[in-house]
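Labels below follow one simple rule: chain letters A, B, ... track the order of the sequence lines, proteins then strands, and each chain is numbered from 1. For the numbers below, each heavy atom of this structure counts, side chains included, while hydrogens, waters and symmetry mates do not.
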Amino acid sequence: MSQVVEIGLWQLLLGLIFILIAQTASFVYHLGLSRDITVGTVRTFAQLFLMGYALTFIFRLNNLWITLGIFVVMAVSASFIVKGRVKERQIPYMLPTFLTMFVSYFVTALFVSGLIIGVAPWWEPRYFLPIGGMVIGNSMSALAIALERLFREMRQQKDLIETKLCLGANYREASSEMFKNAVTAGMIPSINAMMGVGLVFIPGMMSGQILAGADPLQAIRYQIVIMLMLVGSTAATSIIAVLVVRKRCFGKGEELLLSTAKQ
Amino acid sequence: MQPLLEIESLGFSYEKAVTPVFSKLDLLVNEGELVLIKGDSGTGKSTLLRLICRLQAYEEGRILFRSRPVESMVPAELRRSIIYVAQIPSITDASVKDNLLFPFSFTVNRGRTEPSDKRLLEMLEQFYLQDIGLHHQAMNLSVGQQQRVALMRALLLDPEILLLDEPTSALDARSASMVFTIIEHLNASQGKTILMVTHSNYLPNNAAPVTYMLENRKLRKA
């Protein structure tokens with residue numbers, strides 16, 4: 001394969017022309033996005049450079065505990081991002097959500113790096129962290145969608161759930177529709193991604209590998225594994241987390257604890 | 001008569017700092033009785049029924065069903081024996097028949113035989129719903145008709161106690177009288193134990209054999 005064409009500092013700065021176009025559009029059409037575009041650009045440079053140096057450092061260290069520590073930080077950050085999106089205050093769902101996310105992501109990343117790709121050792125940061133990052137990033141969005149949908153539907157359908165409870169349903173039977181809808185909503189984006197991949201879009205990871213000089217046929221293999229991994233981890237995380245959180249929506253007498261009043 | 005439901009010194013408040021809804025409330029419902037509880041809006045009539053079937057948890061006192069604390073029973077088992085019919089019935093977007101029969105799919109009701117279409121049609125007639133077919137869309141029924149479908153649905157499970165929450169409040173006088181006639185008939189001819197709450201003033205204090213007033217967080221005989 002051909003060598004990677006390196007991007008020099010001046011070439012990198014040349015990329016700012018695209019930002020200039022966006023800024024001009026914002027100015028001409030009074031979009032009021034000027035500040036956001038500037039902040040976004042600075043953050044993109046700062047965050048990615050920081051990450052680049054951090055990854056270089058971590059790859060050099062090649063230490064199991066540091067790799068796992070970073071993985072934990074990524075999972076904790078993801079659970080806080082989920083909390084920010086779901087905005088539920090009545091039901092304590094953070095701990096089970098974090099534990100589900102951590103275990104599910106860890107097992108998936110371990111399976112992919114250790115068994116499918118066959119990296120030795122399985123935790124080699126160059127493989128384990130990017131794979132873990134992709135699992136966490138995608139499943140996190142799915143989980144946020146699923147949990148938000150679960151809470152919303154359970155509140156909207158409170159009368160129906162209570163009617164079913166009153167007619168002898170257990171909490172699982174009374175909320176089966178809401179459970180199903182929540183998990184489906186969480187999984188649809190990753191299933192849709194499988195439908196469109198290669199036709200509608202070229203995934204970022206595969207594009208990155210090709211640009212970096214990898215054989216496209218190898219790049220697609222990686223991408224296929226990643227797509228399958230994302231569907232599996234999304235399904236597992238959404239189902240387990242929604243099952244656990246749904247149980248928490250009911251009290252000891254299987255009474256629905258969610259109130260319909262605005263939180 | 002056997003005591004079926006006993007409530008002793010019941011205390012409940014929605015929030016700890018707020019004045020309690022009930023304080024040392026007592027009630028005895030015997031088998032085969034029709035008990036009416038009247039009270040103004042906001043006195044906690046619906047809350048009382050919800051506490052009995054554990055749709056809400058109470059903090060003080062005891063609620064016994066056949067001398068067993070309700071908390072010691074599996075919730076689904078309790079709610080198969082004590083069925084609460086809410087003020088505004090929840091009807092699903094399906095046919096009348098589907099609405100009547102969906103509770104038979106629940107684990108706790110699986111041992112029960114689903115009633116035949118003939119039996120359902122007979123019941124519809126008893127509930128003054130003879131003009132409605134089993135395949136009629138339940139969502140298109142009037143509130144009064146939905147109320148009667150919800151009552152039928154509960155009765156098909158043959159509960160030991162029916163808890164009726166303002167079954168006539170959303171109805172016009174004619175429909176209300178129809179529903180009350182059905183309730184009286186269920187009690188008088190089938191011996192069904194019924195605990196009903198209402199704020200309707202059109203029901204006189206002697207409308208039911210046993211009538212209580214819910215006032216100042218307690219019940220008193222009317």
Side-chain angles (χ1 to χ4, degrees), chain A residues 87-93 95-96 149-185 239-240 242-263, chain B residues 14-15 46 49-58 63 69-94 99-112 146 149-150 152-159 161-165:
Chain A
K87 294 187 173 73
E88 170 62 36
R89 292 191 190 142
Q90 212 181 344
I91 304 296
Y93 68 97
L95 187 63
R149 180 76 173 257
L150 178 78
F151 288 125
R152 180 158 47 90
E153 284 212 6
M154 297 264 275
R155 283 203 165 85
Q156 283 172 349
Q157 312 257 34
K158 185 176 181 176
D159 289 345
L160 181 62
I161 293 174
E162 289 195 338
T163 297
K164 288 183 174 179
L165 289 173
C166 287
L167 293 165
N170 57 40
Y171 81 91
R172 287 181 296 275
E173 290 165 330
S175 57
S176 61
E177 281 295 310
M178 299 89 209
F179 168 78
K180 204 167 68 182
N181 292 343
V183 173
T184 308
I239 289 171
I240 297 169
V242 173
L243 277 174
V244 175
V245 172
R246 177 180 68 165
K247 175 81 182 82
R248 290 200 158 204
C249 293
F250 292 87
K252 281 183 190 163
E254 299 198 0
E255 73 277 20
L256 186 59
L257 300 174
L258 287 166
S259 67
T260 45
K262 200 182 170 197
Q263 288 183 71
Chain B
Y14 278 100
E15 285 169 49
S46 301
L49 299 189
R50 291 172 62 86
L51 294 177
I52 293 170
C53 65
R54 299 186 73 189
L55 280 184
Q56 277 170 242
Y58 59 91
I63 300 179
V70 289
E71 314 85 76
S72 70
M73 298 177 70
V74 174
E77 296 276 356
L78 172 76
R79 294 184 191 123
R80 181 175 67 173
S81 306
I82 304 178
I83 294 189
Y84 168 71
V85 182
Q87 185 176 2
I88 306 292
S90 187
I91 294 292
T92 61
D93 189 11
N99 267 279
L100 291 171
L101 297 184
F102 79 73
F104 287 87
S105 65
F106 301 148
T107 311
V108 79
N109 298 324
R110 281 203 187 133
R112 293 168 187 264
Q146 289 185 358
V149 169
M152 262 182 78
R153 183 169 62 191
L155 281 166
L156 284 170
L157 299 172
D158 195 23
I161 306 180
L162 257 183
L163 306 177
L164 303 180
D165 190 352

Take A:Glu162 and B:Tyr84 through the test side chain to side chain contact (heavy atoms under 4.5 Å, CB included) and record every step on the way to the result.
CA-CA 10 Å; A:Glu162 289 195 338; B:Tyr84 168 71; 5.9 Å; no

Does the pair A:Leu165 and B:Leu55 meet the rule for a side chain to side chain contact (heavy atoms under 4.5 Å, CB included), with working shown?
CA-CA 8 Å; A:Leu165 289 173; B:Leu55 280 184; 4.2 Å; yes

Applying side chain to side chain contact (heavy atoms under 4.5 Å, CB included) to A:Arg172 and B:Thr107, what does each step give before you reach the verdict?
CA-CA 10 Å; A:Arg172 287 181 296 275; B:Thr107 311; over 6 Å; no

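The candidate from A:Leu160, A:Leu256, A:Leu167, A:Leu257 with the greatest count of non-hydrogen atom pairs under 4.5 Å with chain B is A:Leu167.
Note that the OG atom of B:Ser105 and the CD atom of A:Glu173 stand 6.5 Å from one another [nearest 0.5 Å]. Here the CG-SG distance, from B:Leu157 to A:Cys166, works out to 11.5 Å after rounding to the nearest 0.5 Å. Between the CG atom of A:Asn170 and the CZ atom of B:Phe106 there is a distance of 8.5 Å, given to the nearest 0.5 Å.
Only the backbone of B:Gln56 comes within contact range of chain A, with at least one heavy atom under 4.5 Å from a heavy atom of that chain.
Taking every heavy atom of both residues into account, A:Ala169 and B:Ala76 meet most closely at O-CB, 4.3 Å. Looking at every heavy atom in both residues, A:Gly253 comes nearest to B:Pro75 through O-CB, 3.4 Å.
Between B:Arg50 and A:Glu255, no side-chain nitrogen of the basic residue sits less than 4.0 Å from a carboxylate oxygen of the acidic one, so the salt-bridge criterion is not met.
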